[in-house]
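In listed order, ligands and their atoms are each counted from 1. Start at 1 with the first residue, then count along the sequence.
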Amino acid sequence: MTAPSDPALLPEAEAAAELARLAALIAHHDRAYHQHDAPEITDAEYDALRARNAAIEARFPHLVRPDSPSARVGAAPESGFAKLRHAQPMLSLDNVFDATGFAEFCARIRRFLGLDPAAALRFVGEPKIDGLSINLTYDHGRFVQGATRGDGTEGEDVTANLRTIAAIPQRLRGHAPARIEIRGEVFIAKADFLKLNEAQEEAGEKVFANPRNAAAGGLRQLDPAITATRPLSMFAYAMGEATEAPAATHAAYLDRLRDWGFAVNPRNRLLADETEAAAFQAEMDIARAGLPYDIDGVVYKLDDLTLQQRLGFVGRAPRWAVAWKFPAAQAQTTLRAIRIQVGRTGALTPVAELEPVNVGGVLVARASLHNEDEIARKDIRVGDTVTIQRAGDVIPQILSVVAERRPADAVPFVFPDHCPVCGSLAPRPPGEAVRRCTGGLICPAQVVERLIHFASRAAFDIEGMGEKTVTEFHQQGWLSGPADIFRLAEREPEIAAREGWGELSARNLSRAIAARRTIPLDRFIYALGIRRIGERNARLLARHYGSFAEWRTGMLAARIIGSEAREALGGILGIGPAIAEELVEFFSEPRNLETLDTLAGMLTIVPAAGETASGALAGKTLVFTGTLETMTRPEAKARAEALGAKVTDSVSKRTDFVVAGADAGSKARKAAELGVRVLTEAEFHALAMP
Ligand code: IVH
């Protein structure tokens, strides 16, 4: 997908289509969020979609659609509950993210009301709990019905469920208007949320992503008896329609709510002006982590209800209130453990197991630790209190350790040098950041990937043993290592009976496998999937050692640093010490040796293909020199090797041919001195013809 273009530059011809796309997209995310309690994008991403829609509508007002998201709040209720129309629409709030945004909000109010730019605005600040807003209707003080917000106009009738919530009075205490709509937030406290998720997990039920989704799930149960078991709370904070004005200020209204018997957030605060609001914002940002419920900002409401009336609404939000959101979602929590994951290619990656914590509305129990060095650099220890951050919707990161809170017995983390999945050696090649499991052939974390490679075209080339089959048979428990491939024939009737197989396919597979029981050494080596041993290196090794037995002996002997065998291995032209190291690691893992020997017992491993080649170049030793014109040096080398030639770097008496390109220097001279035949590129091509 390409990045959406700047709405300010969007040509009119494309605007209608873009608005249609946004309407559908926003409606989709509304449903995911409001009806399925399973948001697919972050709030910030959602806000960005809405902002883009609004910007395009502002430029082309005649293109505003009847189903425009700007005219809609939330999502229409899903079936299962009766619909209830709110006497007064339930709206949403605009967001600001910093003091500048808040100052602009205040300036707009003053402009709208014609106030002096220096006039103080009195607000009530209320911690913004991310729960579920509901509308409660009281008739002569009696709770008669309650609904979710739904699309802002109509919600779901969840009266029976709301009756199970202790924080909602069935009867208002003292005098109440004949009819009044009271609004508030239904939510689940952090501790209750964690307990609920644990219970859900134990019962094999779905685990909620955040307290908001859990609250919504609890409220939308078709059976109120289930809702009653959910730890739902509610704070009252707003008013819909009322037959008489209950107060002259919002602060006084909150007092009335308390008197009537509602829970009102004790953290709400009357603020004399903008400066006090900014101070309250900072205070709540700090208090936030210690609150029993999650908040994502503070709602500021103009205290004077007469002014609220005059200001009214624009679009889906009031002009007299705003949500000031907290910056980048960060949180502190305890690092319970560092778990090592093994990827499909054997890479060991550390993952932080955290005491679950809500970070910007998402429950985080895991964070990436990148690699061994990163853990050491930040000196991250199990038991530490760590600061984590969720940037966008990516995997949360550990930013730092809170040094003061380190337990006395915390010890530096020691990265394992063995694979936690299969126990094989997991060395870290010099100059690399990642440790890798060397037990690829047997390691359950890697086996599927390795078997696919093993059977692939350049390796065993087993027809019909592709990714799909390997995965299927592995899941079936038939393949846990390469040797199992050669035992599949015994399962032919079972394979034939599988869906999508049949006798013919099963027999063909058995035949294809049987046909590969004889295998050239180079293919065999390549199939093992040893790191850095691609086709070319496998061929070099096969050619150098000649037979499986020789290779095996050579590799085992090469495990000793400084041994002749090690020198010989590192000295093979094109191999070098780093590749030698990988081979040695592979042979240092006893289970790899076991697997090799099992395979060798089942197969006939013949010398490399090139070895038996007959042709002008087979068995000859070649040196390339000068600038080749028709092929690159590696290409020339590969070509010669494929035909059974050995390519070396220096000219000696044993050299059969020197292929000289342009500007060939000393090597061509030496060849002449030694009487070695010098070929032009064209002559080489002629000899290389099959
Ligand atoms: S007042 C017309 N007050 O935030 C004003 N909303 O982003 C309507 N919320 O739908 C909302 N705490 O779910 C208000 N103290 C509070 C709130 C609050 C949380 C939620 C509510 C609303 C959403 C708007």
Pull out every atom of ligand 1 sitting under 4.0 Å from any heavy atom of E126, numbered as shown with elements. 3 (N), 15 (N), 16 (C)
Check each heavy atom of V299 against ligand 1 and say whether those closer than 4.0 Å belong to the side chain, the backbone, both or neither. side chain
Answer whether the closest heavy-atom distance between the side chains of V359 and V364 falls below 4.5 Å. yes
Can you say whether the rings of Y293 and F235 are parallel (under 30°), tilted (30 to 60°) or perpendicular (over 60°)? perpendicular
Protein contact to atom 19 (C) of ligand 1 [nearest heavy atom, distance to 0.1 Å]: I129 O, 3.2 Å
With heavy-atom distances below 4.0 Å as the criterion, list the atoms of ligand 1 near E185. 9 (N), 13 (O), 19 (C), 20 (C), 21 (C)
At the 4.0 Å heavy-atom cut-off, does R183 count as touching ligand 1? no
Where does the angle between the aromatic ring planes of Y300 and W324 fall among parallel (under 30°), tilted (30 to 60°) and perpendicular (over 60°)? tilted
As a check for students: among F313, Y300, Y237, identify the option with a heavy atom nearest to atom 6 (N) of ligand 1. Y237
Consider every N or O of R149 and every N or O of ligand 1, then say whether any pair is closer than 3.5 Å. yes
Between E126 and K128, is the closest basic N to carboxylate O distance under 4.0 Å? no
Check whether any side-chain heavy atom of N265 sits under 4.5 Å from a side-chain heavy atom of I129, and report yes or no. yes
Would you call P318 a ligand 1 contact, heavy-atom distance under 4.0 Å? yes
Should K83 and E156 count as side-chain neighbours, where that means a heavy-atom distance under 4.5 Å? no
Counting heavy atoms under 4.0 Å, the part of K301 that contacts ligand 1 is side chain
Name the orientation class of the two ring planes belonging to H62 and F60 (parallel below 30°, tilted from 30 to 60°, perpendicular beyond 60°). perpendicular
If we only count heavy atoms from C-beta on, is the V401 to T387 side-chain gap below 4.5 Å? no
For atom 23 (C) of ligand 1, the option (of K325, M239, K128, H250) bearing the nearest heavy atom: K128
For L91, atoms of ligand 1 separated by under 4.0 Å from a heavy atom: 8 (C)
List every atom of ligand 1 that sits less than 4.0 Å from any heavy atom of L93, numbering the atoms from 1 in the order shown and giving each element. 5 (C), 6 (N), 7 (O), 24 (C)
